[in-house]
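Structure, as structure tokens:
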There are 2 protein chains.
Amino acid sequence: MITRAHDARTAILDSAERLFASRGFAATTIKQIAAESSQNSALIYYYYDSKASLYRHVLERVINEIRSEAAKRLTDDSDPESVITAVVESQVAVLNNRPSLQVLLARELIDWKAAHAEPAIRSLSATLFERLRLAIAAGQGTGAFRADLDPTFAAISVIAQVGYLVLARPVAGILLGRGTDGPAPDDIRRFGKHAAAFALSGLRGPVATDLQTSFRAEGGS
Amino acid sequence: MITRAHDARTAILDSAERLFASRGFAATTIKQIAAESSQNSALIYYYYDSKASLYRHVLERVINEIRSEAAKRLTDDSDPESVITAVVESQVAVLNNRPSLQVLLARELIDWKAAHAEPAIRSLSATLFERLRLAIAAGQGTGAFRADLDPTFAAISVIAQVGYLVLARPVAGILLGRGTDGPAPDDIRRFGKHAAAFALSGLRGPVATDLQTSFRAEGGS
DNA sequence: GTCTATAGGCTGATAGAC
DNA sequence: GTCTATCAGCCTATAGAC
């Protein structure tokens with residue numbers, strides 16, 4: 001289960017991930033995966049039932065990595081503002097460290113309407129997203145955040161910012177003057193800081209209430 | 001140039017747009033397009049040089065529709081806040097009226113890194129996006145918006161919200177309790193209203209004042 | 001302009017030697 | 001486990017009748 005066999009299996013999975021991410025499922029051939037991983041194309045069918053099965057295994061691994069990366073950054077005792085910052089920072093980290101993860105997920109969304117990833121997305125939704133939503137609702141409860149926003153909509157607005165940078169990478173690159181290769185890693189880091197500040201500012205609302213007179217200068221300190 | 005010929009040509013274009021949008025370029029075959037449009041598959045090669053050429057024509061038409069739809073909603077004398085609202089509403093309108101337009105653009109981004117759409121995106125960037133960015137900068141100049149945000153980043157945050165709903169449609173659907181088919185048209189309308197409000201709130205900042213000095217009362221909850 | 005027929009190439013997948 | 005050889009089917013694209 002380990003050593004040579006493990007290596008070949010993993011090499012196939014790695015190459016498949018790269019190619020599925022960069023070209024898409026339909027445009028990637030088994031022979032391309034074999035060549036990229038320096039393995040025999042028939043060996044792919046020894047380890048995986050079909051191209052579709054290989055894709056499902058690739059996707060499963062990607063989803064687990066995204067889940068664990070995100071979970072790692074969320075401690076249980078965070079205040080609402082920290083939760084929001086942590087979520088955005090986690091998006092930036094995944095995006096900068098393993099770009100193909102989110103690209104592959106993006107393709108899954110658009111190519112299969114998330115048919116393979118639906119259980120995983122529901123799971124992430126029930127844990128991570130729900131945590132973000134509850135943090136926003138909690139902030140509204142204490143008066144820290146304006147109460148007239150729908151917490152679910154607001155949570156989507158939080159994740160949408162960096163999410164858009166992933167999904168519309170070439171557009172973001174052009175808008176930032178970097179061309180269609182997309183934003184540079186440092187652009188993404190800086191945009192992440194902006195996104196967190198923008199979201200917090202949007203949540204706090206236009207006027208600090210009498211009960212909640214604390215705010216901090218973002219970007220200045 | 002009109003009547004029968006025009007009809008066949010347009011029918012091919014229509015079906016190609018639908019199929020390229022829903023399945024992607026590589027997964028769509030010429031015969032599928034022929035069947036969907038009730039035309040002979042060889043006729044497609046009479047009107048278009050190749051599958052790739054047909055795709056480019058489809059994309060060109062889509063881009064022109066997006067551009068004209070967006071331009072229609074932007075008058076020249078709008079104040080900063082109206083510009084932001086108009087941009088978001090224009091996104092919602094396109095998304096609800098012609099969903100395949102933005103899906104096709106999304107696929108172009110991810111499948112070809114916007115290689116075919118780059119000139120159009122640059123053009124849109126130089127007009128529409130620049131207009132949004134300048135509106136934000138103008139608002140900052142009058143003190144209506146907080147000055148510590150990068151106008152380009154802020155403009156991306158504005159368009160990212162509805163943009164994410166398009167690109168991550170199945171995710172948004174799950175998060176909103178609608179399943180992988182994505183948000184309902186009414187969800188999108190309501191989210192559009194939220195997105196404009198959220199963006200304006202984020203831009204206005206925690207205090208409505210022309211002075212950007214702020215109190216330091218950390219952890220004041 | 002619209003059709004039938006088909007070429008030529010590549011794809012996913014399998015059989016079977018080692 | 002890893003390899004070679006190969007098949008059946010589908011794909012884009014073209015030739016040529018009408």
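Letters A, B, ... mirror the listed sequences (proteins, then strands); counts begin at 1.
- Nearest to the side-chain atoms of B:Ala42 among the listed nucleotides C:dG12, C:dT2, C:dC3 stands C:dC3.
- A straight line from CG of A:Leu43 to C1' of C:dT14 spans 14 Å, rounded to a whole angstrom.
- The nearest whole Å value for the distance from the CD1 atom in A:Ile44 to the P atom in C:dA15 is 18 Å.
- The aromatic ring centroids of B:Phe153 and A:Phe191 lie less than 6.0 Å from each other.
- Between the C1' atom of C:dA13 and the CD1 atom of A:Ile12 lies a distance of 15 Å, rounded to the nearest Å.
- Within the nucleic acid shown, B:Thr28 comes within 4.0 Å of sugar-phosphate atoms alone, with no base atom in reach, counting heavy atoms only.
- Rounded to whole Å, atom C1' of D:dT2 lies 15 Å from atom CG of A:Asp7.
- Residues A:Phe25 and B:Lys31 both approach DNA chain C. Their nearest nucleotides, taken by heavy-atom distance, put B:Lys31 toward the 5′ side.
- As a whole-Å value, the separation of A:Arg9 CZ from D:dT2 P is 11 Å.
- Here A:Glu36 does not pair with A:Lys31 in a salt bridge; the nearest charged N to carboxylate O distance is not below 4.0 Å.
- Environment of CG in A:Asp49: sparse, with no more than 12 heavy atoms of neighbouring residues, nucleotides or ligands closer than 6.0 Å.
- Phosphate proximity of D:dT4 to A:Asn40: present, with a side-chain N or O under 4.0 Å from OP1 or OP2.
- Dashed line: the shortest gap from a side-chain N or O of B:Tyr47 to OP1 or OP2 of C:dT2 is under 4.0 Å.
- Between A:His57 and A:Tyr47, the ring centre distance reaches or exceeds 6.0 Å.
- Rounded to whole angstrom, the span from the OH atom of A:Tyr48 across to the P atom of C:dT14 amounts to 17 Å.
- For B:Tyr45, a side-chain nitrogen or oxygen approaches OP1 or OP2 of D:dA13 to under 4.0 Å.
- Heavy atoms of B:Ser50 sit under 4.0 angstrom from primed sugar atoms or phosphate atoms, though from no base atom.
- In this structure, the CG atom of A:Asp49 is 16 Å from the P atom of C:dG12, given to the nearest Å.
- Each of C:dT11, D:dT12, C:dT2 was ranked by its minimum atom distance to the side chain of A:Thr29; first place goes to C:dT11.
- When B:His116, B:Glu60, B:Glu108 are each tested for a side-chain hydrogen bond (donor to acceptor under 3.5 Å, both in side chains) with B:Tyr55, only one passes: B:Glu108.
- The CD atom of B:Gln39 sits 16 Å away from the C1' atom of C:dT4 (whole-angstrom rounding).
- Across C:dT11, D:dT2, D:dT12, the shortest atom-to-atom separation from the side chain of A:Tyr46 is found for D:dT2.
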